[in-house]
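Predicted model, so just to flag it, every value in this text is computed and none were measured.
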Amino acid sequence: YTYEIATTVTEIQNKINEASYKVILLDKECEGLNLADFSTLLKQRNAEAGVDSKLILITDSSMPEDEKDTDYADESVKNTLSKDLLRLLIEKFI
């Protein structure tokens with residue numbers, strides 16, 4: 001597998017505008033993130049590129065789950081997920 005890292009919402013948006021990805025791991029606590037807007041942008045980019053990127057949202061384990069997250073992400077996982085389980089989840093979408 002290969003991966004790229006983005007540290008800001010703008011950087012993430014630029015990357016999905018420049019390339020296609022099978023899986024995107026996104027920290028819900030990323031500063032400036034509007035999950036609904038990001039999901040819309042990703043879906044638009046997928047339609048233009050003819051791909052089906054999957055969005056895995058990583059949430060803070062100390063925060064209650066937000067049912068709306070499932071409207072925007074393919075999977076939502078707590079940040080306490082083990083590396084093995086994360087690998088299995090990624091492989092599910094590849």
Below 3.5 Å, can you tabulate the donor-acceptor pairs from side chains in residues 36-43 to any protein atom, sequence neighbours excluded?
residue	atom	partner	partner atom	Å
D37	OD2	N34	ND2	3.3
S39	OG	Y72	O	3.3
T40	OG1	A36	O	3.0

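Of the possible donor and acceptor atoms, one in the side chain of D74 sits under 3.5 Å from a partner among the backbone N and O of L55. A donor-acceptor pair is defined here as one N or O able to donate and one able to accept, closer than 3.5 Å; no such pair exists between the side chain of N79 and the backbone of I58.
A heavy-atom distance below 4.5 Å is found between the side chains of L26 and L35.
The two residues I16 and I24 have their closest heavy-atom pair at CG2-CD1, 3.6 Å. In terms of heavy atoms, R45 sits closest to E18 at NH2-C, 4.2 Å.
Listed by chain and number, the residues in a side-chain contact (heavy atoms from CB on, under 4.5 Å) with K92 are E75, L89 (sequence neighbours excluded). Residues that satisfy the side-chain contact (heavy atoms from CB on, under 4.5 Å) test with V51, not counting sequence neighbours, are S20, N46, A49, S53. Listed by chain and residue number, K15, Y21 satisfy the side-chain contact (heavy atoms from CB on, under 4.5 Å) test with E4 (two or more places apart in sequence, or in another chain).
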### Query
Passes side chain to side chain contact (heavy atoms under 4.5 Å, CB included), I94 versus V23? Steps please.
CA-CA 7 Å; I94 293 181; V23 177; 4.2 Å; yes

### Message
Please determine whether side chain to side chain contact (heavy atoms under 4.5 Å, CB included) holds for the pair L25 and I90, giving the CA-CA distance in whole Å, both sets of side-chain angles, and the decisive distance to 0.1 Å.
### Response
CA-CA 9 Å; L25 296 174; I90 291 170; 4.3 Å; yes

### Query
Does the pair I56 and F93 meet the rule for a side chain to side chain contact (heavy atoms under 4.5 Å, CB included), with working shown?
CA-CA 10 Å; I56 300 173; F93 293 124; 4.0 Å; yes

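Rounding to the nearest 0.5 angstrom, the gap separating the CG atom in L33 from the CD1 atom in I12 is 7.0 Å. Atom SG of residue C30 and atom CD of residue E11 lie 9.5 Å apart, to the nearest 0.5 angstrom. Atom NZ of residue K78 and atom CG of residue L57 lie 10.0 Å apart, to the nearest 0.5 angstrom.
Listed by first and then second residue, the side-chain hydrogen bond (donor to acceptor under 3.5 Å, both in side chains) pairs involving residues 22-32 are K28-D69 (not counting sequence neighbours). Judged as a side-chain hydrogen bond (donor to acceptor under 3.5 Å, both in side chains), the pairs with a partner in residues 80-90 (not counting sequence neighbours) are, in order, R87-E91.
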